[in-house]
Amino acid sequence: MTIYNFSAGPAVLPKEVLQQAQTEMLDWHGSGMSVMEMSHRGKEYMGIQAQAEADLRELMGIPANYKVLFLQGGASQQFAMVPLNLLRGKLSADYVNTGEWSKKAISEAKKFSYVNVVANNADKNGSYVPTFDSWKLDKNAAYLHYTPNETIGGVEFNWLPSTGNVPLVADMSSNILSRAVDVSKFGLIYAGAQKNIGPAGLTIVIVREDLIGHPPSGLPTMLDYKTHADNDSMYNTPPTYGIYIAGLVFQMLKRKGGIAQMEKTNIEKAKLLYAAIDGSNGFYHCPVATSDRSRMNVPFTLKDADLDGDFLKQAEARGLLQLKGHRSVGGMRASIYNAMPLEGVQALVNFMNEFSRSKG
Ligand SMILES: *Cc1c(COP(=O)(O)O)cnc(C)c1O
């Protein structure tokens with residue numbers, strides 16, 4: 001039976017990447033070593049990391065005046081590193097609150113700064129993106145932070161905030177590499193790897209050079225972007241195996257036509273799934289405003305929550321795994337990241353149609 005894994009993260013990885021890693025597991029390119037066993041200062045590993053960075057730069061079109069950092073600590077550590085490094089003596093930062101991950105970023109930033117929440121979607125239970133004309137921006141803010149894709153609520157921006165001279169900071173953990181973005185419009189982008197890139201344990205930061213090097217006094221060395229930028233992410237031991245797998249994913253994306261091709265497939269996958277939900281005569285329901293629905297994380301409920309257990313059991317029996325919704329919202333959530341093939345979404349839709357017919 002073919003298994004399709006709809007987990008929100010850690011999430012499905014491309015089969016061909018896992019197969020390549022398997023082939024190279026005991027002996028990487030005739031080195032006689034597994035990548036896991038290599039010194040991070042050796043020429044083999046340094047080549048792997050340099051290639052991964054070059055491929056990511058090419059895929060995303062990252063301009064030369066941006067640093068790419070391979071860090072640890074997850075996106076959650078960036079909730080602190082962003083204010084610590086980017087306040088640069090300023091007193092206030094702008095944050096957009098569009099859901100659970102925004103809230104966590106905001107509460108961490110409040111430890112270091114005054115936080116101006118420019119917009120908030122709590123009035124409709126986090127189900128939409130507030131329009132830009134309603135945002136209460138502060139032109140003296142140190143930066144503006146937002147979450148382009150809310151992994152739990154399934155709310156995604158399909159437009160870019162325009163913040164003038166205020167650096168734009170994005171937590172792209174769950175939609176990086178899924179759609180084209182103009183990196184030059186951002187001051188800083190960060191993403192935990194375990195959704196759309198590779199294994200857990202790696203965090204990628206893309207940061208404009210002029211924003212680095214203004215630490216508050218007493219900033220721990222490991223929390224200073226400059227430490228990592230000045231040492232090509234090798235101040236200490238980087239998460240070598242995760243970077244290697246991420247590098248294999250980047251090469252696969254290049255072979256498959258890059259981000260533009262991924263985006264096309266992602267649009268097709270999302271259309272198919274939302275059409276099944278909306279065409280179910282109310283048997284399934286997605287609470288998110290149509291224009292702000294995520295292409296990556298699709299939350300939906302069944303008209304009768306008593307059917308949830310049966311739905312999950314039958315789905316699992318068909319190899320459709322990890323569809324249970326986040327504990328804070330209930331219902332279902334199908335995460336359909338880059339590595340989820342169209343056939344997986346088709347299999348889910350076929351099952352949903354049959355299930356609703358059998359219970360409707
Ligand atoms: C998963 C996720 C996080 C948390 O990532 P960790 O790597 O577990 O710290 C933060 N933001 C978003 C948008 C996420 O999807």
Side-chain angles (χ1 to χ4, degrees), residues 2 4-21 51-63 66 68 70 75 147-151 154-160 170-186 189-200 202-206 242-275 292-298 333-349:
T2 311
Y4 293 111
N5 171 9
F6 295 92
S7 168
V12 59
L13 283 166
K15 189 142 283 167
E16 63 188 87
V17 163
L18 295 177
Q19 279 162 343
Q20 187 177 346
Q51 188 64 49
E53 178 177 340
D55 288 338
L56 181 63
R57 283 185 175 277
E58 186 183 328
L59 279 167
M60 292 185 71
I62 300 172
Y66 284 68
V68 173
F70 296 111
T147 312
N149 185 64
E150 286 282 358
T151 321
V155 169
E156 183 170 14
F157 283 72
N158 56 31
W159 47 276
L160 210 60
D171 174 2
M172 276 191 203
S173 292
S174 52
N175 71 350
I176 192 167
L177 298 173
S178 73
R179 61 195 301 152
V181 290
D182 181 351
V183 174
S184 74
K185 297 283 198 293
F186 293 84
I189 292 168
Y190 64 92
Q194 68 274 23
K195 276 99 185 206
N196 232 349
I197 301 176
L202 166 66
T203 309
I204 289 183
V205 172
I206 301 164
I243 292 168
Y244 157 71
I245 298 286
L248 296 185
V249 170
F250 300 154
Q251 280 171 22
M252 190 246 1
L253 288 175
K254 278 173 58 181
R255 283 198 301 277
K256 296 249 160 117
I259 292 183
Q261 188 53 46
M262 268 303 132
E263 180 164 11
K264 256 170 116 174
T265 312
N266 287 331
I267 290 171
E268 205 180 337
K269 282 151 52 185
K271 261 196 183 146
L272 184 63
L273 184 46
Y274 286 114
D292 306 327
R293 287 175 168 181
S294 171
R295 293 176 187 165
M296 296 285 102
N297 310 97
V298 181
R333 174 174 49 167
S335 295
I336 51 175
Y337 298 120
N338 282 354
M340 173 59 64
L342 182 61
E343 299 77 51
V345 178
Q346 188 63 63
L348 173 60
V349 163

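If you're wondering where the values come from, they're calculated on a predicted model, not measured in any experiment.
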**Asked** Counting only heavy atoms not in Lys254, do more than 12 sit closer than 6.0 Å to its NZ atom?
**Response** yes
The side chain to side chain contact (heavy atoms under 4.5 Å, CB included) partner of Leu56 among Val249, Leu253, Leu177, Ile176 is Leu177
Would you kindly say whether Asp171 and Thr147 are connected by a side-chain donor-acceptor distance under 3.5 Å?
-> no
Pro341 meets the side chain to side chain contact (heavy atoms under 4.5 Å, CB included) criterion, sequence neighbours left out, with Tyr4, Glu343
Output side-chain donor-acceptor pairs under 3.5 Å for residues 6-18, partner residues at least two apart or in another chain, one line each.
{"residue": "Ser7", "atom": "OG", "partner": "Gly9", "partner atom": "N", "Å": "3.2"}
{"residue": "Ser7", "atom": "OG", "partner": "Pro10", "partner atom": "O", "Å": "2.7"}
{"residue": "Glu16", "atom": "OE1", "partner": "Lys256", "partner atom": "NZ", "Å": "2.7"}
{"residue": "Glu16", "atom": "OE2", "partner": "Arg255", "partner atom": "NH2", "Å": "3.0"}

For Gln261, the side chain to side chain contact (heavy atoms under 4.5 Å, CB included) test, sequence neighbours excluded, returns Lys264, Thr265
Residues at least two apart in sequence or cross-chain that pass side chain to side chain contact (heavy atoms under 4.5 Å, CB included) with Ala180, listed by chain then number, are Glu263
Residues Ser178 and Asn266: side-chain donor-acceptor under 3.5 angstrom: no
Asp292 meets the side chain to side chain donor-acceptor pair (under 3.5 Å) criterion, sequence neighbours left out, with none
Applying side chain to side chain donor-acceptor pair (under 3.5 Å) to Glu156 and not counting sequence neighbours gives Asn175, Arg179
Taken in chain and number order and not counting sequence neighbours, the residues that satisfy side chain to side chain donor-acceptor pair (under 3.5 Å) with Gln51 are Asp55
Contacts of Gln20 meeting side chain to side chain donor-acceptor pair (under 3.5 Å) (sequence neighbours excluded), chain-then-number -> Glu24
_Quick one about Thr151 and Asn297 (side-chain donor to acceptor, distance below 3.5 Å, no hydrogens or angles considered), yes or no?_
no
With sequence neighbours left out, the residues meeting ring-ring contact (aromatic ring centres under 6.0 Å, His included) with Tyr66 are none
